[in-house]
Amino acid sequence: MPADTSASRIAALYNPEFLREAGRRLGELLAEHFRGVQNRETSVLNWRHPAENVAEAGMFLDMGTVQPALPIPDEVGERFAVLVRKALERGQNLHSPRYVGHQVPPPVPIAGLFDAVSAATNQPMAIYEMGPWATAIETALVERLGAKLGYAKNGFAGFVTHGGSMANLTALLTARNVAIGDAWEAGVPRQGRMPVLVAHGESHYCITRSAGILGLGTRQVVKAAIDDRRRIDPAALDAQLTTLKRENRLPIAVAASSCATLIGAFDPLEAIADVCEKHGVWLHVDAAHGGAVAFSEAHRHLIAGIERADSVVWDAHKMMHVPALCTFVFYKNSAHRFEAFRQDAPYLFDPSDPGLSEYDSGLKTLECTKRGAAFGLWGLWSLFGESIFGDIVDATFQLTRAFYGLLSDAEDFMPLHEPQCNIQVFRHVPEELRAAPADILGRYQLELRKDIVRSGTFYLVPSNKDGTAALRCAIINPLTTPTDLNDLLNELRARGRSVLSRLK
Ligand SMILES: Cc1ncc(COP(=O)(O)O)c(C=O)c1O
C-alpha cells in the first residue's frame, strides 16, 4: 500500500469529527437502551449459550469492515451504531429494576461517561507525569474516603487498584511483609514459626486465594469462629490467637469482613480490633461491599471501629455505583504504603525528585500501567455531591428489609437470615417439598433459578447455606421497587410448578 494512502487511513482513524458524530449516536443509543431496560420492557438477561455468543462475536470480526477514509463515509457511522446496538442487545442489564443478582451495581450512567474521558485519552498511571489529573483525582478521593473511614488526617495512605481481589492481595502482602520482615527478599519460612492467616470463613474467595499466592498456602488459612449471626466472635478469636501462639504459629493478619460475602454479615470491628491489639496482630478489613455505609447516618454503625484497622479494602464499583473497576486500599499507618513492593526501578522512578515519587502509583501497586480508574467516581461526586452515596445505601438496605418481610410473611418462602445489608439468602419451599430431603430441596432451588434467569424476567444468583443450595439476591439497583420484589416471589411460585413437575 502506498505510504500516502496509509497515512490518510491513519488520519481517518483519529479524525475528531468522526468522534463527534459517533459520540452523538452513542448518547442516543445508550439513552434509548436505558429507557427500555429501566421501564422493564427489556429482558434482564438475554440468555444464550456462550458458544452462540462467541460465534456471533466472531462473525462480526469476519464480516466486511469499512475502510477508514476522509471524509468519513456515512456507512462508518451506520456500522458503528450496528455494533453498539449488538453489544447492548447481548449484554447483562444491570439497570433493570428486576436485576437482583451479584454484588455488581448498575453504575450511574454519567459516571461511565467520565470513565470514557479516561479511556479515550488513556491516562496510564505508574508515574505521575503520565496521568497527572488521574493521579490528582485518585489522591483527592483517597483523602476524602480515608477521612470517611475515620483515619487520622496525614497519618494514613491509600491508592486505587484494579479490583477487590487485587486489593486484598496487596494489603495482605503488606501484612505478610510487616509480620515476616525479610519475606520479600528471602521468601516465606518453611520451618520455625509457621505463618498463618486468620479469616472469616465466609469471606470472599480472594482471601484464601491470597494465602496461596503469598506463599503461605491455602491450608494455612484458619477460619475464625463465628456467632449465630455469622460474624466473627471476638472472644473465640482471642482464644484462637492464644492457641496459635502456643502452637508457635505466626498470624500475619486477621482478615475481617464488612461484610462477608455469603449473607452480608458485618464483623464487630471494635471488639476485633481490641483482640488484634492485645495479640499484636495486623487487622485487615475487607470492606469491598460495605465501605459505602460510611456515607449513611443510619448504617455507619455497621463499620464502627474500622479506623483501627491496619488495612482496609473498599470497592467503589460495588456500593458507590460507579463502573468497574475502582477499588481503594488504605493503610492506617502511611509508613506501610511501600511495604508491599520493595523494588527499585530507577529507570522508571526519578530519584532526583524524591518528593514527587510519592505520587508515582507504581511504587504502591501491583500494576505498572494502571487505568485511570477513578474518573467515574470523581465526576459523579463532583457533580452531585457525596450525599447520593448514602441515599443509595439507605434505599437498597431498606428494600432488602422489605423483601425480608415479604419472605417471612409467605408460607412458601424461607429467609435464611435477617438481612444486615442488601444481601438476602432464602429458599422457595412449596408445599410439595416441605418434607423433601435436603438434596432435592437444593436441586429445586438451582433448577428454579436457572429457569427464571433464562426466561429473562429476573436475575438472581445461586448460593449454598449449610451444605444445601439456596437462592441469593443482592438488591443493588435503587430503581427496584417493593412491587418488583413481590413480583419476583410470584414468578418463583409460577415457574416453580413446571420445575417441580420436571424434578419428579
Ligand atoms: C467482600 C468481597 N471482597 C472482595 C471481592 C472481590 O472484589 P472484585 O470482584 O472487585 O475483585 C468481592 C466481590 O464480590 C466481595 O464481595
Side-chain angles (χ1 to χ4, degrees), residues 92 94 99-107 115 145 149 158-173 175 197 199-214 221 223-224 226 230-232 253-267 269 272 283-294 302-303 306 309 311-330 365-367 370-371 373-374 376-377 393 396-397 400 419-425 459-464 472-477:
Q92 166 68 275
L94 301 172
Y99 171 90
V100 284
H102 289 287
Q103 294 154 259
V104 180
D115 264 6
L145 292 177
L149 292 175
F159 55 87
V160 169
T161 189
H162 283 120
S165 305
M166 189 116 86
N168 278 308
L169 173 66
T170 307
L172 292 173
L173 173 59
L197 172 66
H200 193 303
E202 291 171 356
S203 55
H204 189 264
Y205 69 80
C206 68
I207 298 287
T208 303
R209 182 178 280 189
S210 297
I213 299 170
L214 295 177
V221 178
K223 280 188 188 173
I226 53 176
R230 302 183 99 86
R231 305 170 306 173
I232 290 180
V254 167
S257 297
S258 297
C259 47
T261 300
L262 180 63
I263 67 149
F266 280 79
D267 290 327
L269 300 179
I272 293 171
L283 172 57
H284 172 69
V285 177
D286 178 0
H289 185 83
V293 302
L302 291 167
I303 53 166
I306 200 164
S311 53
V312 171
V313 161
W314 180 348
D315 276 0
H317 64 259
K318 289 195 166 59
M319 289 302 291
M320 291 183 82
H321 289 64
V322 297
L325 293 162
C326 181
T327 300
F328 290 79
V329 176
F330 294 95
T365 60
L366 185 58
E367 302 97 327
K370 184 177 87 172
R371 197 175 72 92
L377 181 59
V393 165
T396 53
F397 282 31
T400 311
Q420 295 176 40
C421 58
N422 58 333
I423 294 171
Q424 181 67 57
V425 181
Y459 187 85
L460 70 170
V461 298
S463 190
N464 189 303
R472 181 175 183 271
C473 290
I475 301 176
I476 201 162
N477 185 338

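When a ligand or atom number is given, it counts from 1 through the structure's own listing order. All figures in this text were calculated on a predicted structure; none of them were measured in a lab.
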Which heavy atom in G376 sits nearest to a heavy atom in D115, and how many Å separate them?
N-OD1, 2.9 Å

Which residue owns the protein heavy atom closest to atom 16 (O) of ligand 1, what's the atom, and how far is it?
Q103 NE2, 3.3 Å

Below 3.5 angstrom, do we get any N/O pair linking D286 and ligand 1?
yes

Y459 vs Y99 aromatic rings, parallel, tilted or perpendicular, using cut-offs 30° and 60°?
parallel

Side chains of H204 and T261: any donor to acceptor distance under 3.5 Å?
no

Atom 15 (C) of ligand 1: closest protein heavy atom, distance to 0.1 Å, is H204 CD2, 3.6 Å

Identity and distance of the protein heavy atom lying nearest atom 11 (O) of ligand 1:
S165 OG, 2.7 Å

May I ask you to list the atoms of ligand 1 that are less than 4.0 angstrom from any heavy atom of C259?
1 (C)

Going by the atom numbers of ligand 1, which of them fall below 4.0 Å from some non-hydrogen atom of K318?
5 (C), 7 (O), 8 (P), 9 (O), 10 (O), 12 (C), 13 (C), 14 (O), 15 (C), 16 (O)

Quick check for you: to the nearest 0.5 Å, what is the distance between I213 atom CD1 and L172 atom CG?
10.0 Å

Looking at atom 10 (O) of ligand 1, what's its closest protein heavy atom, distance included?
G164 N, 2.7 Å

Close-contact set for ligand 1 against T261 heavy atoms, below 4.0 Å
1 (C), 2 (C), 15 (C), 16 (O)

Could you see which bit of N168 sits under 4.0 Å from ligand 1, with heavy atoms only: side chain, backbone, both or neither?
side chain

Nearest heavy-atom neighbours spanning I303 and L269:
O-CD1, 3.9 Å

Minimum heavy-atom separation for Q420 and A265, please, with both atom names.
OE1-CA, 3.3 Å

Considering non-hydrogen atoms only, spot the tightest contact between A260 and E202 and give its length.
CB-O, 3.6 Å

Atoms in ligand 1 flagged as close to H317, the criterion being non-hydrogen separation under 4.0 Å
10 (O)

Cut-off 3.5 Å, side chains only: do D315 and T327 have a donor facing an acceptor?
yes

With heavy-atom distances below 4.0 Å as the criterion, list the atoms of ligand 1 near A288.
2 (C), 3 (N), 4 (C)

